[in-house]
Novice: 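The structure is given below, and queries will be raised subsequently.
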Amino acid sequence: MPTDLPVFVNGRPYRAPAGSTLGRLLAEHDPDLFVALLGGQALATDGRGIEADPDVPLTAGAIFRVQRSARAADA
């Protein structure tokens with residue numbers, strides 16, 4: 001079983017420990033984006049465009065896009 005998995009977030013390659021989650025990867029590599037995702041100011045989708053939860057387990061070759069909302073926080 002591999003110890004590191006290749007995954008892609010916003011077109012950028014990362015290596016994540018086996019058993020890791022999208023949230024854990026973001027917390028380590030982009031804490032501001034992770035906080036925005038947890039607070040509802042950002043949205044994560046998988047390679048098919050389906051919304052992805054921060055707790056989704058990572059698989060080798062997984063592709064995610066995480067984007068901040070353009071809407072104001074009070075909207």
Novice: Using a 4.5 Å cut-off on heavy atoms from C-beta on, say whether the side chain of Arg24 contacts that of Pro17.
Specialist: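 When only atoms from C-beta onward are counted, Arg24 and Pro17 do touch, with a gap below 4.5 Å.
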Novice: Which atom names give the shortest non-hydrogen contact between Leu37 and Ala42, and what distance separates them?
Specialist: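 In this case the closest contact between Leu37 and Ala42 is CD1-O, 3.5 Å.
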Novice: Just by distance, do the side chain of Asn10 and the backbone of Arg12 share a donor-acceptor pair under 3.5 Å?
Specialist: no
Novice: What's the separation between atom OG1 in Thr3 and atom CZ in Arg15, rounded to the nearest 0.5 Å?
Specialist: 8.0 Å
Novice: Any link between Leu43 and Leu25 through a network of hydrophobic side chains (Ile, Leu, Val, Met, Phe, Trp, Tyr) touching at under 4.5 Å?
Specialist: no
Novice: Should Leu38 and Val56 be counted in the same cluster of Ile, Leu, Val, Met, Phe, Trp and Tyr side chains packed under 4.5 Å apart?
Specialist: yes
Novice: Before giving the answer on side chain to side chain contact (heavy atoms under 4.5 Å, CB included), spell out for Arg68 and Leu33 the whole-Å C-alpha distance, their side-chain angles and the decisive distance to 0.1 Å.
Specialist: CA-CA 8 Å; Arg68 293 180 191 275; Leu33 191 56; 4.0 Å; yes
Novice: First locate atom CG of Asp53, then atom CD of Glu51, and finally report the distance between them rounded to the nearest 0.5 Å.
Specialist: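 Rounded to the nearest 0.5 Å, the CG-CD separation comes out at 8.0 Å.
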Novice: For the residue pair Val66 and Val9, what are the closest heavy atoms and their distance?
Specialist: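 Taking every non-hydrogen atom into account, CG2-CG1, 4.1 Å.
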Novice: Taking the side chain as every heavy atom from C-beta outward, state whether Leu58 and Leu22 have any atom pair closer than 4.5 Å.
Specialist: yes
Novice: State, with a plain yes or no, whether a side-chain heavy atom of Leu26 is found less than 4.5 Å away from one of Phe64.
Specialist: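 In short, these two side chains do not touch, never coming nearer than 4.5 Å.
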